[in-house]
Amino acid sequence: MQQPTAPELEILKLLWSKQPLTAREIHDELARVLSWGYSSTRKTLERMGDKGFIACETLGNKNSYTTLVDKMPTLAAFAQDFAKRVFELNEPLPVAMFASSKLVNAHEIADLEKLLADLASPPVTDAATKSDEA
């Protein structure tokens, strides 16, 4: 899965907390964070739909948006990618760093810890398996 951009992540975070929302509701909620016009919000929502991040459903004369990606795998991939690219860390991130997050609740911490560990582990290839058997 492709990683969301920073503005796309803001929209996903909002939708994970309350969905469905219209484009106007999303724009109004994130106006201070994103500092852009309504047309930019609509274009970003369109691109997010093309990427498979969100779904759009027409209700009457309004479009309503919901997420298609799960919160925990998306956040884990985003955090692990950041740790690898910026800090060159290859081991799992300590889950304690997310303990006071407003985005992750206590029940989700265990899922996050497993996902981060899985992402940090290199995938087992056939070549590595064959060399171990030799």
Side-chain angles (χ1 to χ4, degrees):
M1 178 181 114
Q2 147 178 324
Q3 292 286 2
T5 64
E8 290 170 346
L9 184 60
E10 290 300 323
I11 291 170
L12 287 171
K13 287 172 17 182
L14 175 61
L15 288 172
W16 285 323
S17 68
K18 48 183 165 180
Q19 61 182 336
L21 293 173
T22 65
R24 174 56 65 189
E25 291 168 329
I26 291 167
H27 176 76
D28 291 348
E29 289 269 345
L30 297 176
R32 288 182 294 154
V33 175
L34 298 177
S35 301
W36 61 22
Y38 180 66
S39 61
S40 296
T41 301
R42 301 246 339 188
K43 189 64 175 174
T44 301
L45 290 168
E46 182 182 315
R47 287 183 181 142
M48 290 176 72
D50 292 343
K51 292 178 180 179
F53 293 160
I54 61 173
C56 177
E57 182 180 346
T58 302
L59 302 171
N61 63 348
K62 293 183 180 181
N63 289 334
S64 185
Y65 297 91
T66 57
T67 61
L68 292 175
V69 293
D70 292 329
K71 180 168 86 169
M72 297 318 300
T74 303
L75 293 177
F78 202 84
Q80 193 64 42
D81 178 63
F82 178 80
K84 282 182 181 182
R85 281 185 305 104
V86 176
F87 294 106
E88 299 180 3
L89 296 173
N90 291 323
E91 56 273 344
L93 293 171
V95 90
M97 68 187 275
F98 302 102
S100 55
S101 170
K102 295 176 187 172
L103 191 59
V104 180
N105 66 40
H107 298 294
E108 295 169 324
I109 291 285
D111 291 339
L112 183 60
E113 185 172 29
K114 181 182 180 336
L115 289 165
L116 288 169
D118 291 347
L119 287 170
S121 302
V124 176
T125 63
D126 288 339
T129 306
K130 289 178 183 175
S131 67
D132 288 344
E133 293 172 357

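Counting begins at 1 with the first residue of the sequence. We use all heavy atoms of the structure for the numbers below, so side chains are in, but hydrogens, waters and symmetry mates are not.
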Response to the item:
Interatomic distance, CG@Asp70 vs CG@Asp111, rounded to 0.5 Å, equals 10.0 Å

Discussion item. To the closest 0.5 Å, what do you measure between CD1 (Ile26) and CG (Leu45)?
Written reply: 4.5 Å

Response to the item:
In Leu68, Thr66, Thr67, the residue satisfying side-chain contact (heavy atoms from CB on, under 4.5 Å) with Leu15 is Thr67

Practice prompt. Carefully, step by step, assess Phe53 and Ile11 under the rule side-chain contact (heavy atoms from CB on, under 4.5 Å).
Written response: CA-CA 10 Å; Phe53 293 160; Ile11 291 170; over 6 Å; no

Practice prompt. Mind listing the closest non-hydrogen atom pair of Lys84 and Leu89 along with its distance?
Written response: CG-O, 3.1 Å

Discussion item. More than 12 heavy atoms of other residues, nucleotides or ligands under 6.0 Å from NZ of Lys114: yes or no?
Written reply: no

Item to complete: Determine, stepwise, if the pair Glu10 / Thr44 fulfils side-chain contact (heavy atoms from CB on, under 4.5 Å).
Response: CA-CA 11 Å; Glu10 290 300 323; Thr44 301; over 6 Å; no

Worksheet item: Is a side-chain N or O of Asn105 found less than 3.5 angstrom from the main chain of His107, in a donor-acceptor match?
Response: yes

Discussion item. Quick check for you: to the nearest 0.5 Å, what is the distance between Leu30 atom CG and Glu25 atom CD?
Written reply: 11.5 Å

Worksheet item: Mind checking whether Val33 and Lys13 have side chains closer than 4.5 Å, heavy atoms only?
Response: no

Fill in: Pairwise distance NZ(Lys51) to CD(Glu46) - rounded to 0.5 angstrom
12.0 Å

Worksheet item: Within the side chain of Glu8, is there an N or O that forms a donor-acceptor pair under 3.5 Å with the backbone of Met48?
Response: no

Fill in: Non-hydrogen atoms of Ala23 and Arg42 that approach each other most closely
CB-CD, 3.9 Å

Worksheet item: By salt bridge (charged side-chain N to carboxylate O under 4.0 Å, His left out), which residues pair with Lys18, not counting sequence neighbours?
Response: Glu29

Worksheet entry | Heavy-atom closest contact (His27 atom, Trp36 atom, distance) | CE1-O, 3.0 Å

Worksheet entry | Any side-chain heavy-atom pair of Leu112 and Glu108 under 4.5 Å | no

Worksheet item: Is there a donor-acceptor pair under 3.5 Å between the side chain of Lys62 and the backbone N or O of Arg24?
Response: no

Discussion item. Using every non-hydrogen atom in the two residues, find where Leu116 and Ala76 come nearest and quote the distance to one decimal.
Written reply: CD2-O, 3.5 Å

Worksheet item: With distance as the sole test, does Trp16 use its side chain to make a donor-acceptor pair with the main-chain N or O of Val69 at under 3.5 Å?
Response: yes

Worksheet item: What's the verdict on side-chain contact (heavy atoms from CB on, under 4.5 Å) for Val104 and Leu75, showing C-alpha distance, side-chain angles and the deciding distance?
Response: CA-CA 9 Å; Val104 180; Leu75 293 177; 4.2 Å; yes

Item to complete: Write down the atom of Gln3, the atom of Ala77, and the distance for their closest heavy-atom approach.
Response: NE2-O, 3.1 Å

